[in-house]
Amino acid sequence: RKVQSSFGLEQRVRSWIDHTPFLHLRIDLINKCNLRCVMCHYNNPAYHKRPRKVVSVEEFSRLFDPIGRYVKTAMLSCADEPLLAPSFEDVLRHISERFPNVEMSFCTNGTLFDINHQKTVIESGVSRVMVSIDGVRPETFETIRRGAKFERVLTNMINFSKLKRFLGVDWPKLQINMVLMKSNIHEAPAVVRMAKGLGAVCVEFHHAVPTWDVHVGRDQLRHHRALFNAYRQEVVELGEKLNIEIVIPDAFPGDDASDIQIKKVTQEHVERLWQSHSFEPIK
């Protein structure tokens, strides 16, 4: 009986595996990025001078196809800029055509997310696009995201929102990511308001994390705990007011934020870009 019972359980497990996708895959299609952000390993020449390696659609197919039916989600970026990969759009089409039930997503710095990429992303049924934006003022954004132009990134996002409206689709969901530091945390509430205006469903915040090759020094918010706690509370309350999901690290324990003055950051540059593109934000 024990042998038969064990065999029956094994059969049920195998049947579940065969019919229930359960793998969450993350893969980079290239080992390059076009920016040198202050909190990123690509700010270290040892990384950005590495020989270029690209995963072709044929290589991706050999890796992915044998496990494709078991994959639930595929995130096509880990630590690099996926839109630099020549195979990016072909990989999207391959997954969409061969494994239409796989939920695709990717994270990008937004600089290369032009209308052609946007069309392919929508046509391929990508579920979520995550765009990294670390401020609403050009000087803040461009100081952190070295090599990027704020106006170009925001224009790409405006065009993306307009294209989705024109096509009458609600996918991919837009998520804005922001790395928090002392130098930009005062713009976090404004980033939430901008994200809501672009139709984003979520804003996800992260601390700058030092590693052996990335040093952000006193800009880390662990050195300014009360400051983080104060803005965290402001951001959470704003998210509830605007009905947009907020993902943010927990408050630091034991640091009173009541005496911190919240700095109000206006969005004149954002508003001017919206007006110049005849764009009416989603309220």
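If you read the sequence from its start, that first residue is 1, and numbering goes on from there. Just so it is clear, the model here is predicted, and its values are computed rather than measured.
Judged by the 6.0 Å and 45° rule, Lys164 forms no cation-pi pair with Phe166.
Cluster membership check: Val153 shares its hydrophobic cluster with Leu273, using side-chain heavy-atom separations under 4.5 Å among Ile, Leu, Val, Met, Phe, Trp and Tyr. One hydrophobic cluster, built from ILVMFWY side chains closer than 4.5 Å, cannot hold both Val236 and Val201; they sit in different ones. Note on Ile262: it clusters hydrophobically with Val235, by side-chain heavy-atom contacts below 4.5 Å among ILVMFWY residues. Residues Val91 and Ile67 share a single hydrophobic cluster, defined by chaining ILVMFWY side chains whose heavy atoms lie under 4.5 Å apart. At a threshold of 4.5 Å between side-chain heavy atoms, the hydrophobic network of Ile, Leu, Val, Met, Phe, Trp and Tyr places Leu35 and Met157 in two separate groups.
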Legend entry - Ser132 vs Asn177, side chain to side chain donor-acceptor pair (under 3.5 Å): CA-CA, chis, key distance, verdict: CA-CA 5 Å; Ser132 300; Asn177 292 344; 4.6 Å; no

Legend entry - Evaluation steps, side-chain contact (heavy atoms from CB on, under 4.5 Å), between Val192 and Ile246: CA-CA 9 Å; Val192 174; Ile246 301 295; 3.9 Å; yes

Inset, instruction - Under the side-chain contact (heavy atoms from CB on, under 4.5 Å) rule, what do Phe279 and Asn159 come out as? Steps first, then yes or no, please. - result: CA-CA 9 Å; Phe279 177 74; Asn159 288 338; over 6 Å; no

Inset, instruction - May I have the step-by-step check of side-chain contact (heavy atoms from CB on, under 4.5 Å) for Ile27 and Phe60, ending in yes or no? - result: CA-CA 10 Å; Ile27 185 172; Phe60 179 84; 4.2 Å; yes

Inset, instruction - Take Asn109 and Asn34 through the side chain to side chain donor-acceptor pair (under 3.5 Å) test and state the conclusion after the steps. - result: CA-CA 9 Å; Asn109 58 45; Asn34 56 328; 3.0 Å; yes

Inset, instruction - Start with the C-alpha gap between Gln233 and Glu237, add the side-chain angles, then the distance that decides, and say whether side chain to side chain donor-acceptor pair (under 3.5 Å) holds. - result: CA-CA 6 Å; Gln233 182 177 345; Glu237 291 175 355; 3.2 Å; yes

Inset, instruction - Check the pair Glu89, Arg93 against salt bridge (Lys or Arg N to Asp or Glu O under 4.0 Å), reporting the backbone distance first and the verdict last. - result: CA-CA 6 Å; Glu89 293 190 357; Arg93 295 188 187 98; 3.3 Å; yes

Inset, instruction - Check the pair Lys264 / Glu234 against salt bridge (Lys or Arg N to Asp or Glu O under 4.0 Å), numbers first and verdict last. - result: CA-CA 11 Å; Lys264 300 297 182 182; Glu234 175 81 3; 3.2 Å; yes

Legend entry - Evaluation steps, side chain to side chain donor-acceptor pair (under 3.5 Å), between Asn116 and Gln118: CA-CA 5 Å; Asn116 293 322; Gln118 293 171 17; over 6 Å; no

Legend entry - Criterion side-chain contact (heavy atoms from CB on, under 4.5 Å) on Ser127 and Trp171, from CA distance to verdict: CA-CA 6 Å; Ser127 299; Trp171 73 85; over 6 Å; no

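Legend: residues meeting ring-ring contact (aromatic ring centres under 6.0 Å, His included) with Phe99, ordered by chain and number and at least two apart, are Phe64. Take His269 and apply the ring-ring contact (aromatic ring centres under 6.0 Å, His included) test, not counting sequence neighbours, and it matches Phe150. Residues satisfying the salt bridge (Lys or Arg N to Asp or Glu O under 4.0 Å) test with Asp170, not counting sequence neighbours, are Lys173. Residues forming a ring-ring contact (aromatic ring centres under 6.0 Å, His included) with Tyr231 (at least two apart in sequence, or on another chain): none. Considering only residues two or more places apart in sequence or on other chains, Ser56 meets the side chain to side chain donor-acceptor pair (under 3.5 Å) condition with Glu58, Glu59.
In this structure, Lys196 NZ and Ile282 CD1 are separated by 8.0 Å, a value rounded to the nearest 0.5 Å. Between the OG1 atom of Thr111 and the CZ atom of Arg145 there is a distance of 9.5 Å, given to the nearest 0.5 Å. With values rounded to the nearest 0.5 angstrom, Leu84 atom CG is found 12.0 Å from Ser77 atom OG. Considering CG of Leu227 and CG of Leu180, their distance stands at 10.0 Å, rounded to 0.5 Å. Taken from NZ in Lys53 to CG in Asp28, the straight-line distance is 12.5 Å, to the nearest 0.5 Å. Atom CZ of residue Arg26 and atom SG of residue Cys107 lie 8.0 Å apart, to the nearest 0.5 angstrom.
At least one side-chain heavy atom of His277 sits less than 4.5 Å from a side-chain heavy atom of Thr155. In this structure, Val131 and Gln175 have side chains that are not in contact, with every pair of non-hydrogen atoms separated by 4.5 Å or more. In this structure, Leu92 and His94 have side chains that are not in contact, with every pair of non-hydrogen atoms separated by 4.5 Å or more. Contact check for Lys182 versus Arg218: no side-chain heavy atoms found under the 4.5 Å cut-off. You'll find the side chain of Pro281 stays beyond 4.5 Å of the side chain of Met194, heavy atoms only. Side-chain contact between Ile30 and Val55 is absent, with no heavy-atom pair separated by less than 4.5 Å. Under the 4.5 Å side-chain criterion, counting only non-hydrogen atoms from C-beta, Arg128 is in contact with Cys202. Side chains of Leu154 and Leu198 form a contact here, defined as non-hydrogen atoms less than 4.5 Å apart.
Screening Lys32, Glu81, Arg50, His48 for a side-chain hydrogen bond (donor to acceptor under 3.5 Å, both in side chains) involving Tyr42 leaves a single residue, Arg50.
Judged by distance alone, the side chain of Asp134 and the main-chain N or O of Phe141 form no donor-acceptor pair under 3.5 Å.
When all heavy atoms of Val121 and Val129 are compared, the pair lying nearest together is CG1-CG2, 4.0 Å. Residues Ile185 and Pro189 approach most closely at O-CD, 3.9 Å, considering heavy atoms. Counting all heavy atoms, side chain and backbone alike, Pro21 lies closest to Val71 at CB-O, 3.6 Å. Considering every non-hydrogen atom in both Asn43 and Cys37, the closest pair reads CB-O, 3.3 Å. The two residues Ala85 and Leu29 come nearest to each other via the heavy atoms CB-CB, 3.7 Å. The shortest heavy-atom contact between Gly110 and Asn156 is O-ND2, 2.8 Å.
With no hydrogens or angles considered, no side-chain donor-acceptor pair links His207 and Gln220 at under 3.5 Å.
The pair Asp65-Arg98 meets the salt-bridge criterion, with a side-chain N (NZ, NE, NH1 or NH2) lying under 4.0 Å from an Asp/Glu carboxylate O. Between Glu103 and Lys72, none of the side-chain N atoms (NZ, or NE/NH1/NH2) sits under 4.0 Å from a carboxylate O, so this pair counts as no salt bridge. Under a 4.0 Å N-O distance rule, the pair Glu268/Arg272 does not qualify as a salt bridge.
Residue-environment remark: CD (Glu271) exceeds the threshold of 12 foreign heavy atoms within 6.0 Å. In the displayed structure, Glu139 atom CD is contacted under 6.0 Å by more than 12 heavy atoms of other residues, nucleotides or ligands.
Summarising the hydrophobic clusters (Ile, Leu, Val, Met, Phe, Trp, Tyr; side-chain heavy atoms under 4.5 Å, direct or chained), the residues clustered with Met130 are Met75.
A centroid separation of less than 6.0 Å is found between the aromatic rings of Tyr47 and His41.
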